Amino acid sequence: MRIAKRTLMSVAALALLFPLAGQAQGGRDAYTDVRVMVKDLSTNQEIGEIPPGGSFDLPDGAKVRLIMRAYAPGRGADSRPIYPRTTYSEGNPGRGGVRITATNEENANATLELVRLPNNAQRTRSELIRYQISDSEGRIPNNLERGSVTINVVPATATGQVGSSTGSTTARRAEELTRVLYQAILLRDPDQGARGTIDAIERGGYDALVQAAVDIANSDESRVRLYEQSGMTNERRLIALYKNLLGLDPSQVDRSVWVNDLQQLGNGQVANVVDEIVRSERFRSRYSLNAAY
């Protein structure tokens, strides 16, 4: 089964093919996927995870905790995350609507308070939160140690509870996943024409997401117009697919998988590659697409 191949190479194989990979990836204990978990402090429940560069909607007045998690793919029962030492900082200290009120570097977390807007202010604000991971054991690749996430502050709902509306939470997830598909397959952000895809994923969950990914891959833009752009190559497209959908650099992918996927792109079979990736366990785990979604 091809999906089973979509794992990191063994360390021994990586050492043979890429002599420097051990250093770049932190040796045998490399954790090649980081995400920021969001916990609602009013209920003490986890309400989502944010990939590097991603965004998350929260109502004004909320109080949440951000917790850095790092995952090691392909470890089976040992795939539980670690919590590397992490510091956080505000993108606009003292000026934004999101305040870091407490931090615990050793526990990889920061407490955020979202300033409540006046009753007559219904605008949405976006605030950047930067993070810096410090891992003396070399388990985190250098390119993942520094990054940021965006908190979108929206007017509070009538209940005033974080994530209390299942519909709005599902819609937010559908928008996030649609953005991921567009960036991976079309190398751009969604436009107004993506509304149908968002609605389909919101209604149909994971199965609808797989179908949406295949439909985007089979679109005229994907098969024809994208290649009219200057400098567009199949190698560049494959890098975008691995990075956005799996969180992997090319050096972290089994060479036989890379060669096979590149050959499929050359044969115009981008939909086949996309279908296999979004059905893989790594993709589902990266975006928390479990049976509940």
Side-chain angles (χ1 to χ4, degrees), residues 31-72 79-117 124-137 139-157 160-165 168-173 175-177 179-180 244 247 285-290 293:
Y31 284 74
T32 57
D33 189 9
V34 300
R35 288 172 247 162
V36 178
M37 187 268 285
V38 183
K39 175 180 285 189
D40 175 14
L41 294 183
S42 67
T43 62
N44 207 35
Q45 293 183 345
E46 298 180 12
I47 57 176
E49 283 186 321
I50 319 172
S55 63
F56 200 83
D57 294 351
L58 290 168
D60 59 8
K63 187 174 183 178
V64 301
R65 181 161 294 147
L66 303 184
I67 305 174
M68 178 62 68
R69 286 174 168 172
Y71 296 83
S79 61
R80 289 176 297 180
I82 61 170
Y83 301 84
R85 295 177 65 97
T86 306
T87 57
Y88 300 82
S89 61
E90 300 168 16
N92 295 296
R95 293 188 299 168
V98 177
R99 297 173 182 167
I100 297 177
T101 60
T103 61
N104 188 321
E105 183 178 353
E106 292 187 356
N107 291 333
N109 69 54
T111 300
L112 304 185
E113 287 187 355
L114 283 65
V115 179
R116 187 176 294 280
L117 290 169
T124 298
R125 297 164 292 163
S126 294
E127 304 293 346
L128 191 71
I129 300 295
R130 295 188 175 92
Y131 61 80
Q132 173 70 58
I133 298 173
S134 302
D135 183 53
S136 60
E137 298 181 39
R139 298 167 297 178
I140 311 293
N142 292 338
N143 65 313
L144 295 181
E145 289 186 338
R146 184 192 302 268
S148 64
V149 296
T150 298
I151 302 299
N152 298 319
V153 187
V154 299
T157 63
Q161 297 179 352
V162 178
S164 61
S165 171
S168 62
T169 301
T170 304
R172 184 182 65 229
R173 284 285 286 152
E175 291 179 359
E176 173 192 350
L177 292 166
R179 182 180 301 108
V180 168
N244 289 284
S285 173
R286 176 174 171 79
Y287 291 102
S288 303
L289 298 170
N290 300 317
Y293 186 78

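Since the model is a prediction, treat every value here as computed from it, not as a measurement.
- Considering all non-hydrogen atoms of both residues, Pro84 and Ile133 come closest at CB-CG2, 3.7 Å.
- The shortest heavy-atom contact between Phe56 and Ile47 is CZ-O, 3.5 Å.
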### Task
Assess whether side-chain contact (heavy atoms from CB on, under 4.5 Å) is satisfied between Thr101 and Leu112, documenting all intermediate values.
CA-CA 6 Å; Thr101 60; Leu112 304 185; over 6 Å; no
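- Nearest heavy atom pair, residue Pro51 against residue Tyr287, reads CG-CE2, 4.3 Å.
- At least one side-chain heavy atom of Met68 sits less than 4.5 Å from a side-chain heavy atom of Val34.
- When atom types are taken as modelled, the side chain of Glu127 and the backbone of Val153 share no donor-acceptor pair closer than 3.5 angstrom.
- Between the side chain of Arg99 and the backbone N or O of Val115 there is no donor-acceptor pair closer than 3.5 Å.
- Using a 4.5 Å cut-off on side-chain heavy atoms (C-beta onward), Thr87 and Ser134 make no contact.
- If you take CD on Gln132 and CD on Glu145, they are separated by 6.5 Å, rounding to the nearest 0.5 Å.
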### Message
Quick one, Lys63 with Thr111, criterion side-chain contact (heavy atoms from CB on, under 4.5 Å). Give me CA distance, side-chain angles, the key distance, then yes/no.
### Response
CA-CA 7 Å; Lys63 187 174 183 178; Thr111 300; 3.7 Å; yes
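- The structure places OH of Tyr31 at 8.0 Å from CD1 of Ile140, a figure rounded to the nearest 0.5 Å.
- Within the 4.5 Å cutoff, side-chain heavy atoms of Ser55 are placed close to those of Arg179.
- Here the CD1-CG distance, from Ile82 to Asp135, works out to 6.0 Å after rounding to the nearest 0.5 Å.
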### Step-by-step side-chain contact (heavy atoms from CB on, under 4.5 Å) determination, Ile129 to Thr150
CA-CA 6 Å; Ile129 300 295; Thr150 298; over 6 Å; no
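- Arg146 CZ to Arg130 CZ: the interatomic distance, rounded to the nearest 0.5 Å, is 9.5 Å.
- When the side chain to side chain donor-acceptor pair (under 3.5 Å) test is applied to Asn244, no partner is found at least two apart in sequence or on another chain.
- For the residue pair Leu144 and Asp33, the shortest heavy atom distance occurs at CD1-N, 4.1 Å.
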### Task
Decide side-chain contact (heavy atoms from CB on, under 4.5 Å) for Tyr83 and Ile67; before the verdict, give the C-alpha distance in whole Å, the side-chain angles of both, and the deciding distance to 0.1 Å.
CA-CA 8 Å; Tyr83 301 84; Ile67 305 174; 3.5 Å; yes
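- Not a single donor-acceptor pair under 3.5 Å links the side chain of Asn107 to the backbone N or O of Asn109.
- A side-chain donor-acceptor contact under 3.5 Å links Tyr88 to the backbone of Ala108.
- Between Thr103 and Ala110, the shortest heavy-atom contact is CG2-CB, 4.0 Å.
- Lys39 NZ to Leu66 CG: the interatomic distance, rounded to the nearest 0.5 Å, is 12.0 Å.
- For the pair Arg173 and Glu176, the salt-bridge criterion is met [side-chain N within less than 4.0 Å of a carboxylate O].
- Rounding to the nearest 0.5 Å places CD1 of Ile50 at 4.0 Å from CD1 of Ile151.
- With respect to the salt-bridge test (charged N to carboxylate O, under 4.0 angstrom), the residues Arg85 and Glu105 qualify.
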